[in-house]
Undergrad: 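Structure incoming, see below.
On a predicted model such as this, the values are computed, not experimentally measured, just so you know.
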Amino acid sequence: MELLNGGRNIFEMNNVQSSQNADAFTCSLGHSLVSHTSIQGGCCDVRNGQTICSENWAKGQTANVWACFDCNFWACLDCYDEQCEILRE
């Protein structure tokens with residue numbers, strides 16, 4: 001699998017758990033992703049060039065995700081971990 005856009009060197013923001021090192025996946029504009037628990041409903045925005053992640057959750061369902069609020073980009077935990085692993089290779 002190919003690394004998606006992002007993966008830049010980023011920093012911790014305001015004592016919020018965030019992707020904060022060179023091995024961290026970012027949104028396509030390089031913004032830091034923050035760990036977030038949502039009940040708003042939504043889907044994972046990660047695409048590997050061929051397929052779209054099928055992870056989604058209904059409104060009211062608790063979902064732990066990595067999010068960029070500037071871009072409205074959300075990554076499910078599996079996709080985030082997979083992309084970070086690719087960066088470490």
Undergrad: With distance as the sole test, does E85 use its side chain to make a donor-acceptor pair with the main-chain N or O of E82 at under 3.5 Å?
TA: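 Side chain of E85 to backbone of E82: no pair is present.
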
Undergrad: Do N72 and W74 have side-chain atoms, one donor and one acceptor, less than 3.5 Å apart?
TA: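 The answer is yes; a qualifying pair exists.
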
Undergrad: Would you check if F69 and V34 make a side-chain contact, meaning some heavy-atom pair closer than 4.5 Å?
TA: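 Side-chain contact under 4.5 Å: yes.
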
Undergrad: If I compare all heavy atoms of S38 with all of Q40, which pair ends up nearest, and what's the gap?
TA: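 Taking S38 first and Q40 second, the nearest heavy atoms are OG-N, 3.0 Å.
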
Undergrad: Measure the shortest side-chain to side-chain distance between L77 and V65 over non-hydrogen atoms and say whether it is less than 4.5 angstrom.
TA: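 L77 does not reach V65 side chain to side chain.
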
Undergrad: So, do V46 and F73 sit near enough that their side-chain heavy atoms are less than 4.5 Å apart?
TA: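 Of all side-chain heavy-atom pairs linking F73 with V46, at least one is under 4.5 Å.
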
Undergrad: Hey, could you give me the CD/OG1 distance between Q83 and T26, rounded to the nearest 0.5 Å?
TA: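 Rounded to the nearest 0.5 Å, the CD-OG1 separation comes to 10.0 Å.
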
Undergrad: Indicate yes or no: at least one non-hydrogen side-chain atom of S28 is less than 4.5 angstrom from one of C71.
TA: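 Answer no - side chains too far apart.
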
Undergrad: Between atom CG of N56 and atom SG of C44, what is the distance when rounded to the nearest 0.5 Å?
TA: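 With rounding to 0.5 Å, CG (N56) is 10.0 Å from SG (C44).
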
Undergrad: Count the heavy atoms of every other residue, nucleotide or ligand shown that sit under 6.0 Å from CD1 of I39, and state whether that count exceeds 12.
TA: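 Result for CD1/I39: open.
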
Undergrad: Do L33 and C27 have side-chain heavy atoms sitting under 4.5 Å apart?
TA: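 Heavy-atom side-chain distance check passes, below 4.5 Å.
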
Undergrad: Decide yes or no on side-chain contact (heavy atoms from CB on, under 4.5 Å) for C53 and C76, but give the supporting numbers first.
TA: CA-CA 9 Å; C53 176; C76 70; 3.8 Å; yes

Undergrad: Distance check, rounded to the nearest 0.5 Å: W57 atom CH2 versus T62 atom OG1?
TA: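 Taking CH2 in W57 and OG1 in T62, the distance rounds to 11.5 Å.
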
